[in-house]
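Each remark here refers to the structure printed beneath this line.
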Amino acid sequence: MTKINANYQKLPGSYLFSMIAKKIAAYSAAHPDAQIIRLGIGDVTQPLGAPVIKALHEGVDEMANAATFHGYAPDLGYSFLREAIAGEYKERGSKIEADEIFVSDGAKSDSANIQELFDLDNRIAVSDPVYPVYVDSNVMAGRTGTYDAATGMWSDVTYMPCTEENGFIADLPKERADIIYLCFPNNPTGMTVTKEQLQRWVDYANEHDSVIIYDAAYEAYITEADKPHSIYECEGARTCAIEIRSFSKNAGFTGLRLGFTVIPKELKRGGCSLHDMWARRHGTKYNGAPYIVQKAGAACYTPEGKASIRSEVGYYMENARIIYTSLKDMGYTVYGGVNAPYIWLKTPDQMTSWDFFDRLLETIHVVGTPGAGFGPHGEGFFRLTAFGTRENTKKAMERFRKL
Ligand code: MLT
């Protein structure tokens with residue numbers, strides 16, 4: 001008899017954003033006239049920049065001609081893109097070689113798949129609240145023990161609380177953690193670390209032989225000069241850290257799909273090179289991101305591409321400013337929004353975050369993401385994204401004033 005992977009049965013409910021989508025669909029079906037403003041999932045709303053569109057058109061034309069047609073992409077990525085990415089690391093002072101970069105279809109799949117490199121006996125540590133993919137993918141693999149519905153916690157996961165008291169930057173774990181997931185600028189809190197704070201994590205990982213999975217999907221949103229864009233800005237990160245990046249949030253590729261993972265060649269555990277293991281995995285399980293998409297990705301590194309990204313990021317950061325200042329004016333306690341496109345607000349009157357979600361949906365037709373969906377310490381908080389249109393962002397704030 002075929003036996004299923006029983007770990008899937010342990011997952012509570014559906015994936016957070018699928019659950020929210022279902023709730024919105026049900027509400028819309030019952031209230032077809034409600035003009036819903038979606039500031040929930042971090043999906044971009046602005047069109048792709050002109051340099052990206054130009055590259056896509058050129059790529060399509062190349063595919064129409066036998067002399068310039070491209071079949072399977074190199075499984076680790078085209079060298080023109082890997083070189084461009086390595087060039088940007090170099091410009092920021094981090095030495096990353098092109099062959100340490102693995103091009104993929106996005107940061108979500110890489111951050112879910114990377115755990116395959118590690119034995120099930122490893123203990124993972126996550127910030128709490130946290131992007132749910134890190135935990136769910138480890139549940140599917142069978143690394144997280146048993147779920148306690150009362151606390152919303154897994155027995156074999158170390159949760160590192162991110163609270164108002166610690167500025168939403170977790171303290172180092174007190175117990176041994178083998179695989180540490182960090183995301184800065186942070187999803188969902190919108191807060192980020194200084195280089196000195198990040199250095200402490202790198203030192204911890206090197207001392208304890210741990211590996212840091214560093215999700216830097218939102219680095220383009222950093223506005224403060226003392227905040228690191230990459231973990232490789234820290235001393236010793238090449239021997240303990242894997243970095244995952246995305247083209248979704250900076251260049252608007254949520255619908256195109258492109259990302260990459262960096263694994264330095266020095267990063268070894270148990271005498272094995274994680275770089276070589278990931279290359280082996282990529283080669284076996286992946287046929288490479290589409291040529292035209294990689295070509296569009298490379299266009300992001302040209303001077304025109306960089307200017308276009310700056311303007312796109314600037315657009316969303318103005319939304320973040322509008323949300324942050326409007327909510328503050330209204331008396332809400334608000335975090336994030338300065339180095340990230342997420343605003344993390346405290347729910348009023350100690351409402352639970354799901355109650356606040358329902359209240360916003362039902363009374364002002366604005367959708368956000370309940371903090372509890374990101375982990376137990378997310379309870380009492382609510383995330384709004386700055387990725388809406390300017391018009392909807394302003395409209396949402398007007399509606400908040402009427403609450
Ligand atoms: C989010 O809203 O947290 C993100 O859009 C999720 C993602 O990037 O997969």
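Read the numbers this way: they start at 1 and go in the same order the structure lists the ligands and their atoms. Since the model is a prediction, treat every value here as computed from it, not as a measurement.
- Close contacts between ligand 1 and Tyr131 involve ligand atoms 6 (C), 7 (C), 8 (O), 9 (O) [criterion: under 4.0 Å to a heavy atom].
- Under the 4.0 Å criterion applied to side-chain N and carboxylate O atoms, Arg281 and Glu116 are assigned as salt-bridge partners.
- Shown here are the side-chain hydrogen bond (donor to acceptor under 3.5 Å, both in side chains) partners of His377, two or more places apart in sequence or in another chain: Asp128.
- Close contacts between ligand 1 and Asn187 involve ligand atoms 1 (C), 3 (O) [criterion: under 4.0 Å to a heavy atom].
- Residue contacts with ligand 1, taken as heavy atom pairs separated by less than 4.0 Å, do not involve Thr369 at all.
- For the side chain to side chain donor-acceptor pair (under 3.5 Å) criterion with Glu100, the lone passing option out of His275, Arg238, Lys95 is Arg238.
- Inclusion of Phe374 in the set of residues having an N or O under 3.5 Å from an N or O of ligand 1 is not warranted.
- Note: Tyr332 and Phe356 have tilted aromatic rings, judged against thresholds of 30 and 60 degrees for the angle between ring planes.
- Atoms of ligand 1 lying under 4.0 Å from any heavy atom of Phe17, numbered from 1 in the order shown and given with element: 1 (C), 2 (O), 3 (O).
- Considering backbone and side-chain atoms together, Asp43 places no N or O closer than 3.5 Å to any N or O of ligand 1.
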Tell me, with the steps shown, if Lys394 and Glu318 meet salt bridge (Lys or Arg N to Asp or Glu O under 4.0 Å).
CA-CA 11 Å; Lys394 286 184 173 165; Glu318 174 59 10; over 6 Å; no

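- Between Tyr27 and His31, the ring-plane angle classifies as parallel under the 30° and 60° cut-offs.
- With a heavy-atom cut-off of 4.0 Å, Phe387 does not touch ligand 1 at all.
- Using a 4.0 Å cut-off to heavy atoms of Lys249, the atoms of ligand 1 that qualify are 4 (C), 5 (O), 7 (C), 8 (O).
- Each of the following atoms of ligand 1 lies closer than 4.0 Å to a heavy atom of Ile41: 2 (O), 5 (O).
- Listed here is the closest heavy atom pair of Thr189 and Pro129: CG2-CG, 3.9 Å.
- Counting the atoms of ligand 1 from 1 in the order shown, those under 4.0 Å from a heavy atom of Tyr342 are 1 (C), 2 (O), 3 (O), 4 (C).
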